[in-house]
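Below: the structure, in structure tokens.
Here the structure is a predicted model, which means the values were calculated and not measured.
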Amino acid sequence: MASHGLTYEGCNFFRQRLVLSTLSGKRVKIRSIRSKEDEPGLRGKFCGVAVGTVLFYQPGLLYGGSVEHDCSPQRSIGYYLEALLMLAPFMKNPLKATLRGVTNDPTDPTVDLLKLTALPLMKKFGIDGEGFEIKVVKRGMAPGGGGEVVFTCPVKRTLKPVQLTETGKIKRIRGMAYSVRVSPQMANRIVDSTRAVLNQFIPDIYIYTDHMKGANSGKSPGFGLTLVAETLDGFFLSAEMSSTPQGQGDPMLPEELGRNCAKMLLEEVHRGGCVDSANQSLALLLMTLGQQDVSKVLLGPLSPYTIEFLRHIRDFFQIMFKIEVQKPLEDERKGGDKVLMTCVGIGYSNLSKTLK
């Protein structure tokens with residue numbers, strides 16, 4: 001798999017490049033990393049990479065096993081977990097990763113969201129088995145963090161191709177309102193205001209409340225909500241909001257957060273597709289790595305992040321997707337325009353697993 005490698009400019013899409021470099025075995029060089037800033041270069045954000053404005057990355061083997069990492073409080077654990085979800089099935093040994101830091105912030109996907117949406121998606125590609133879970137041991141809101149999450153994942157030799165082309169109607173909505181270091185009433189107020197919006201559309205709604213206390217409640221106060229709409233065909237569309245981190249702007253009322261998050265879920269349902277916006281690139285990667293057969297997945301409009309991811313997949317794996325826009329008819333009540341993504345997998349095989 002050795003090659004002359006790929007070269008990029010700037011720090012954008014840093015995780016995409018490192019993840020795809022690792023899986024493809026292609027070296028990568030990234031120049032001009034934050035070169036215009038007062039403090040140029042990497043600040044050990046991702047994996048303790050030395051500070052500098054140029055990065056050379058030579059991928060190695062993924063050993064897996066038990067790992068622990070204190071994540072930078074500038075990004076939430078979800079930022080790290082998104083990359084780990086892409087790598088974990090292809091380790092030599094089953095992974096048990098203990099990640100400490102911020103579990104919920106307004107910027108990155110929260111661990112709750114990934115647990116409720118990314119894991120069911122991965123199961124459709126055959127990534128499943130005992131010990132495939134994300135467990136929130138301690139919750140830690142931004143900016144202080146203090147949370148702890150354990151992610152365990154079995155190893156897979158190959159992935160199966162998928163045909164995820166019909167979303168189906170929404171059959172139920174589930175959610176979780178969480179609060180730490182504030183009154184437990186906050187979570188109940190979120191639930192009431194969320195239901196006031198969503199009850200107009202569907203009766204089957206259940207929103208759990210999660211109020212962690214003491215040592216399990218992290219270092220900063222806050223609250224938030226993760227919502228998931230499940231379709232008849234077993235697909236999950238999600239939305240979430242976290243309260244404004246302490247000392248970082250105007251505080252948000254729980255009623256306002258609940259209402260806004262409910263509206264965001266309705267927008268996500270309108271965008272639709274078999275995979276929600278947050279997990280588009282994960283689905284496209286798993287399609288790319290599947291056995292040498294056709295995979296099809298129906299998505300809502302592609303996010304800018306996803307479009308860049310498609311370019312990177314082309315760079316690292318020479319895979320091009322067929323992209324067909326589908327415009328639902330007025331009377332179909334199927335929401336906005338959809339995009340049917342089709343590709344033939346590269347037949348990726350987990351080489352780490354076979355090496356003794």
Side-chain angles (χ1 to χ4, degrees), residues 1-8 13-30 57-64 81-95 118-129 132 153-165 273-275 278-299 302-303 305-324 339-356:
M1 278 292 225
S3 76
H4 58 280
L6 292 155
T7 304
Y8 293 103
F13 311 106
F14 190 63
R15 286 176 308 164
Q16 288 190 13
R17 290 164 184 171
L18 290 191
V19 165
L20 295 175
S21 165
T22 305
L23 291 171
S24 66
K26 288 182 178 164
R27 295 196 301 267
V28 73
K29 176 183 177 182
I30 303 172
Y57 178 63
Q58 171 73 54
L61 281 177
L62 293 166
Y63 280 101
L81 206 47
E82 276 189 304
L84 262 188
L85 287 166
M86 293 178 167
L87 296 171
F90 310 108
M91 307 268 175
K92 183 178 177 187
N93 303 299
L95 178 70
L119 298 193
L121 171 64
M122 291 170 76
K123 286 177 182 176
K124 295 200 185 298
F125 289 86
I127 302 165
D128 201 359
F132 183 46
C153 183
V155 287
K156 279 287 157 214
R157 186 71 203 276
T158 54
L159 299 182
K160 63 183 192 191
V162 296
Q163 303 282 322
L164 314 178
T165 55
C274 299
V275 178
N279 292 291
Q280 286 178 349
S281 47
L282 175 62
L284 295 172
L285 175 70
L286 298 176
M287 288 169 75
T288 300
L289 299 176
Q291 288 163 25
Q292 289 173 324
D293 205 342
V294 176
S295 276
K296 288 177 187 275
V297 173
L298 187 70
L299 302 177
L302 302 181
S303 71
Y305 188 84
T306 303
I307 291 166
E308 204 57 44
F309 194 76
L310 285 167
R311 290 183 182 132
H312 283 117
I313 284 178
R314 183 190 59 202
D315 292 352
F316 284 96
F317 290 109
Q318 288 74 56
I319 285 279
M320 300 278 278
F321 279 76
K322 182 179 169 193
I323 302 175
E324 298 167 84
V339 187
L340 183 64
M341 307 294 290
T342 308
C343 81
V344 176
I346 59 165
Y348 189 83
S349 169
N350 181 354
L351 297 174
S352 305
K353 189 170 189 245
T354 52
L355 294 163
K356 286 287 171 271

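- Looking at Gln163, its side chain does come within 3.5 Å of a backbone N or O of Val294 through a donor-acceptor pair.
- From Tyr57, atom OH reaches atom CG of Leu18 across 6.0 Å, with rounding to the nearest 0.5 Å.
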query = Taking it one step at a time, do Val297 and Met287 satisfy side chain to side chain contact (heavy atoms under 4.5 Å, CB included)?
reply = CA-CA 8 Å; Val297 173; Met287 288 169 75; 3.4 Å; yes
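- Formation of a donor-acceptor pair under 3.5 Å by the Lys26 side chain with backbone atoms of Phe316 is found in this model.
- When all heavy atoms are compared, the tightest approach of His312 to Gln16 is ND1-OE1, 2.7 Å.
- Counting all heavy atoms, side chain and backbone alike, Ala118 lies closest to Leu85 at CB-CD1, 3.7 Å.
- Side-chain atoms of Lys92 and Leu61, non-hydrogen and from C-beta on, never get closer than 4.5 Å to each other.
- One distance of note links CZ of Phe309 with CE of Met86; it measures 4.0 Å at 0.5 Å rounding.
- In this structure, CD1 in Ile313 is found 6.0 Å from CG in Leu20, a value given to the nearest 0.5 Å.
- Here OG1 of Thr288 is found 9.0 Å from CE of Met341. Values are rounded to the nearest 0.5 Å.
- Rounded to the nearest 0.5 Å, atoms CZ (Phe13) and OH (Tyr8) are 11.0 Å apart.
- From Thr342, atom OG1 reaches atom NZ of Lys296 across 3.5 Å, with rounding to the nearest 0.5 Å.
- Scanning all heavy atoms of the two residues, the minimum distance from Leu285 to Phe317 falls at CD1-CE1, 4.5 Å.
- Shortest non-hydrogen contact noted between Pro94 and Pro154 is CB-CA, 4.3 Å.
- A donor-acceptor contact shorter than 3.5 Å is absent between the side chain of Asp293 and the backbone of Gly345.
- Judged purely by atom type and a 3.5 angstrom limit, Asn350 uses its side chain to pair as donor or acceptor with the backbone of Lys156.
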request  = Using the side chain to side chain contact (heavy atoms under 4.5 Å, CB included) rule, take Leu298 and Leu164 through it: C-alpha gap first, then chi angles, then the decisive distance, then the call.
outcome  = CA-CA 6 Å; Leu298 187 70; Leu164 314 178; over 6 Å; no
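- In this structure, Phe14 and Ile30 have side chains that are in contact, with non-hydrogen atoms separated by less than 4.5 Å.
- Although no hydrogens or angles enter the test, the distance criterion places a donor-acceptor pair under 3.5 Å between the side chain of Ser295 and the main chain of Val162.
- Arg157 and Ser349 share a donor-acceptor pair across their side chains, judged by distance under 3.5 Å alone.
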